[in-house]
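Start at 1 with the first residue, then count along the sequence. Fair warning: this is a prediction, and the values are worked out from it, not measured in the lab. Remember, it's 1-based here, ligands and their atoms both numbered in the order they're listed.
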Amino acid sequence: MSEKTWAVVDDYIVASLFDSDPVLDAVLAANHDQGLPAIDVSAAQGKLLSLLVRIRGAKNVLEIGTLGGYSTIWMARELPADGRIVTLELDQHHAKVARSNFERAGVSARIDLRVGPALQSLAALGAENAGPFDLIFIDADKPNNPHYLSWAMRLSLPGTVIICDNVIRDGAVLNEDGRDANVEGARAAFSFIGGEKHLDGTAIQTVGAKGYDGFAIAIVE
Ligand code: SAH
Ligand code: DHB
Ligand code: MG
């Protein structure tokens, strides 16, 4: 089965199960025009994130890795009126594009975008007692996954859902040679979740418009 088939099946999933969305299409077009890399989640994955927000009944969401805010908008739309997403982004230009996308999508009032290294923003959130968050989506620099997962534990409560993107990497997650820092980050997510007695999780391999990768999903207990 080829990547081309995965992408066409993704189109079929989207066309069959939910309406195409001019705002989200415009967000992706703006990201492209502004030179952002096309490493947002796919539409099918964005829909999964939005469903997880609904299933969890999440009011307070934390996202690490905003890019242009595509995944943020998917999640923000499912929040209740008094719900909030704190989303962390290192890159000033990505953050600027994301801000304008949040305006476009009419979700700015529900979004607290913090620019800077996520580890610094997380320390600030800890100091502010900003948690606990009901759902946490980790999708930034992969080598920091274990630090992000540690912070996720500190900013959570039993029942918090933690999702970590890019944990399969074309199957490279099996490589033990330590040569690729992103793969090491994926492996670190597995070690962390597998070794943390207060996390119960799994990983789902994903194929589709964004190739072959995966989501780790865990619940705090
Ligand atoms: N969640 C987004 C995609 C995020 S891509 C979506 O699906 O739409 C990863 C993002 O993490 C990039 O924008 C990158 O600039 C950001 N990033 C990388 N290192 C970071 C760090 N140390 N702190 C915060 N953000 C970081
Ligand atoms: C990369 C980052 C991502 O978050 C992603 O979903 C795909 C690729 C990257 O840095 O290459
Ligand atoms: Mg990702």
Quiz prompt | Heavy-atom closest pair, residues Ile168 and Gly214 | solution = CG1-CA, 3.5 Å
Practice problem: Write out all pairs satisfying side chain to side chain donor-acceptor pair (under 3.5 Å) with one or both partners inside residues 181-195, taking only residues at least two apart or from two chains. | Solution: none
Quiz item: Does Trp74 come within less than 4.0 angstrom of ligand 1, counting non-hydrogen atoms of the residue?
Solution: no
Exercise. Check each atom of ligand 1 against the heavy atoms of Asp40 and keep those under 4.0 Å away; list them by number with element.
Key: 6 (C), 7 (O), 8 (O)
Practice problem: Decide whether the shortest distance between a heavy atom of Gly116 and an atom of ligand 1 is less than 4.0 Å. | Solution: yes
Which N/O atoms of ligand 2 sit under 3.5 Å from a protein N/O, and at what distances?
unit_1, atom_1, unit_2, atom_2, d
ligand 2, 4 (O), Asp139, OD1, 2.7
ligand 2, 4 (O), Lys142, NZ, 3.1
ligand 2, 4 (O), Asn166, OD1, 2.8
ligand 2, 6 (O), Ile39, O, 3.3
ligand 2, 6 (O), Asp165, OD2, 3.2
ligand 2, 6 (O), Asn166, OD1, 3.0
ligand 2, 6 (O), Asn166, ND2, 2.7

Quiz item: With atoms numbered from 1 as shown, which atoms in ligand 1 lie under 4.0 angstrom from a non-hydrogen atom of Ala140?
Solution: 11 (O), 26 (C)
Quiz item: For atom 3 (C) of ligand 1, what's the nearest protein heavy atom and its distance?
Solution: Asp139 OD2, 3.3 Å
Self-check item: Region of Thr66 that comes within reach of ligand 1 [heavy atoms, distance under 4.0 Å]
Solution: backbone
Quiz item: Is it true that a side-chain atom of Asn145 and a backbone atom of Ala188 form a donor plus acceptor pair closer than 3.5 Å?
Solution: no
Quiz item: Out of Val53, Asn60, Val61, Leu79, which residue meets the side chain to side chain contact (heavy atoms under 4.5 Å, CB included) rule with Asp134?
Solution: Asn60
Self-check item: Shortest protein heavy-atom distance from atom 20 (C) of ligand 1, along with the residue and atom involved
Solution: Asp141 OD1, 3.4 Å
Quiz item: Going by the order shown, which atoms of ligand 1 are within less than 4.0 Å of some heavy atom of Ile39?
Solution: 3 (C), 5 (S)
Quiz item: Backbone or side chain, does any N or O of Asn144 fall under 3.5 Å from an N or O of ligand 1?
Solution: no
Quiz prompt | Audit row: Arg110, Asp82, salt bridge (Lys or Arg N to Asp or Glu O under 4.0 Å) steps and yes/no | solution = CA-CA 8 Å; Arg110 273 174 268 165; Asp82 58 345; over 6 Å; no
Self-check item: Atoms of ligand 1 close to Tyr148 [distance to a heavy atom under 4.0 angstrom, numbered from 1]
Solution: 21 (C), 22 (N), 23 (N)
Quiz item: Is a side-chain N or O of Asp141 found less than 3.5 angstrom from the main chain of Asn144, in a donor-acceptor match?
Solution: no
Quiz prompt | Within 6.0 Å of NE2 in His93, more than 12 heavy atoms from elsewhere | solution = yes
Self-check item: 4.5 Å side-chain heavy-atom contact, Val173 and Phe190
Solution: yes
Exercise. Please report the shortest heavy-atom distance between Ala26 and Arg104, naming the atom on each side.
Key: CB-CD, 3.7 Å
Quiz item: Mind checking whether Pro117 has an N or O less than 3.5 Å away from an N or O of ligand 1?
Solution: no
Quiz item: Between Phe215 and Cys164, is any pair of side-chain heavy atoms under 4.5 Å apart?
Solution: no
Exercise. Mind listing the protein N/O/S atoms less than 2.8 Å away from the Mg ion (ligand 3)? Waters don't count.
Key: Asp139 OD1, Asp165 OD2, Asn166 OD1
Quiz item: Which hydrophobic side chains are connected to Leu125, either touching it within the sub-4.5 Å cutoff or through other members that do?
Solution: Leu62, Ile64, Val86, Leu88, Leu119, Leu122, Phe133, Ile136, Ile138, Tyr148, Leu149, Trp151, Met153, Leu155, Ile162, Phe192, Ile193, Leu199, Val220
Quiz item: Near Ser71, which atoms of ligand 1 are under 4.0 Å from a heavy atom of that residue?
Solution: 1 (N), 2 (C), 6 (C), 7 (O), 8 (O)
Quiz prompt | N-O pairing of Glu78 and Lys59 below 4.0 Å | solution = no
Quiz prompt | Residue, atom name and distance, where the atom is the protein heavy atom closest to atom 23 (N) of ligand 1 | solution = Ala118 N, 2.9 Å
Exercise. Begin from the C-alpha positions of Lys142 and Asp139 and carry the test salt bridge (Lys or Arg N to Asp or Glu O under 4.0 Å) through to its verdict.
Key: CA-CA 8 Å; Lys142 314 310 169 188; Asp139 189 20; 3.0 Å; yes
Practice problem: For atom 7 (O) of ligand 1, grab the closest protein heavy atom and report residue, atom and distance to one decimal in Å. | Solution: Val41 N, 2.8 Å
Quiz item: What protein heavy atom sits nearest atom 24 (C) of ligand 1, and how far off is it?
Solution: Leu90 N, 3.3 Å
Self-check item: CD-NE2 distance between Glu89 and His94, expressed to the nearest 0.5 angstrom
Solution: 6.0 Å
Exercise. Would you indicate whether the side-chain heavy atoms of Ser20 and Asp25 approach each other to under 4.5 Å?
Key: yes
Exercise. Would you check if Arg99 and Leu113 make a side-chain contact, meaning some heavy-atom pair closer than 4.5 Å?
Key: yes
Exercise. Measure the distance from atom 14 (C) of ligand 1 to every protein heavy atom, then report the residue, atom name and distance (to 0.1 Å) of the closest one.
Key: Glu89 OE2, 3.4 Å
Exercise. Any chance you could lay out the side chain to side chain donor-acceptor pair (under 3.5 Å) test for Asp180 and Asn175, step after step, and finish with the verdict?
Key: CA-CA 9 Å; Asp180 181 329; Asn175 297 346; over 6 Å; no
